[in-house]
Amino acid sequence: IQIGDTDMDNFVAGLKKTHPGLPVVLLSFNMQDVMNISEATKAQANGIFLWHGDTRIFSAIINLLEDEMNFEQDSKVGVQAVLLVEDNIKFYSSYLPVIYSELMKQTQIVMAEELNPSKKMLRLKARPKILFCNNFDKAWEIYEKYKSNLLGVISDIEYPVAGRCEPEAGLILTKKIKAENPDMPVLLQSSNSQFSGRAQGLGASFMNKSAPDLSKQLRHFIVRYFGFGDFVFTNKSGFELGRAADLYTMLKLLKTVPVESIIYHAGRNHFSKWLFARTEFETAYNIRPKKISEFRD
């Protein structure tokens, strides 16, 4: 934002006039600079981010712009996404690099199983995307359009609804999503820890924005609930019975774990979610519609 004597309003307006399709993103060292940007320039920008000293913010911004451009087409072939709803520039500027790093890390792990270079490239292109917005109305629009492609939702609690700030917007969004899809993983985060109980009451996880290990908690949620990491077979009480790091181990464990565990996971779409995260779209799509009641035993 600070580039010598350049007038930011004229600079952005000039760019948009000469290159209408060129994304323009504003990056600031502090919130005061962001507050000084005119509303007209903010409206023309494709994003406003805060510099935290983490160089991963650059690749995160590029990935975010590409995901927005490509997901309409990608969704038709089964590519999955994470919906992030956050209107606080400081927080989404720190969340996005962490989420993208984890998505890329998990994609690299899956790619390691492939020997064919073309298949490795295909898996990389089919990695889960991030769909980002900063208000309730856009969040619900994205959910309604892409709900069959969502691995999960990460949401703030206070943000605009119909243009007005709503202190419990995240809770309202979670309630609507859970009423339609109880198994959709939702992580709510707020600086007010009093929301923790209400979030859990809706079947969502909660994270305090003031926590010193924010990135660690976020990474743990992604690995556990979005189908990344090992597939952990458990019973209804959560006791671990076995874990599969890849499809080969999964097939071996399916023959040995108790049938109750298979029924537990199958009834919650855990298998298809795990396969979607690994870009095994065809298998996942064939499994997801199946109901336990369709089988004799």
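Sequence positions, counted from 1, serve as the residue numbers for this chain.
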*At their closest point, which heavy atom of Gly242 faces which heavy atom of Leu253, and how far apart are they?*
C-CD1, 4.2 Å
*Taking every non-hydrogen atom, the tightest pair across Asn134 and Asp87*: O-CB, 3.5 Å
*Take Ser193 and Ser196 through the side chain to side chain donor-acceptor pair (under 3.5 Å) test and state the conclusion after the steps.*
CA-CA 5 Å; Ser193 58; Ser196 177; over 6 Å; no
*According to the interplanar angle, ranging from 0 to 90°, do the rings of Phe29 and Trp51 count as parallel (below 30°), tilted (30 to 60°) or perpendicular (above 60°)?*
perpendicular
Qualifying residues under side chain to side chain contact (heavy atoms under 4.5 Å, CB included), relative to [X], sequence neighbours excluded:
| X | answer |
| --- | --- |
| Leu202 | Leu171, Thr174, Lys175 |
| Lys176 | Phe136, Trp140 |
| Ala284 | Ser272, Leu275, Phe276 |

*His270 side chain to Ile262 main-chain N or O, any donor-acceptor pair under 3.5 Å?*
no
*Under a 4.0 Å N-O cut-off, is there an ion pair linking Arg219 with Asp213?*
no
*All pairs passing salt bridge (Lys or Arg N to Asp or Glu O under 4.0 Å) where residues 12-33 contributes a residue, at least two apart*: none
*Would you list the pairs meeting salt bridge (Lys or Arg N to Asp or Glu O under 4.0 Å) in which at least one residue belongs to residues 220-231, sequence neighbours left out?*
Asp230-Arg243
*Give me the one residue out of Glu102, Met207, Gln189 that meets side-chain contact (heavy atoms from CB on, under 4.5 Å) with Leu218.*
Met207
_Considering only residues two or more places apart or on different chains, which pairs with a residue in residues 146-205 satisfy ring-ring contact (aromatic ring centres under 6.0 Å, His included)?_
Phe71-Tyr146
*asked:* Ring centroids only, cut at 6.0 angstrom: are Phe233 and Tyr264 within range, meaning strictly under it?
replied: no
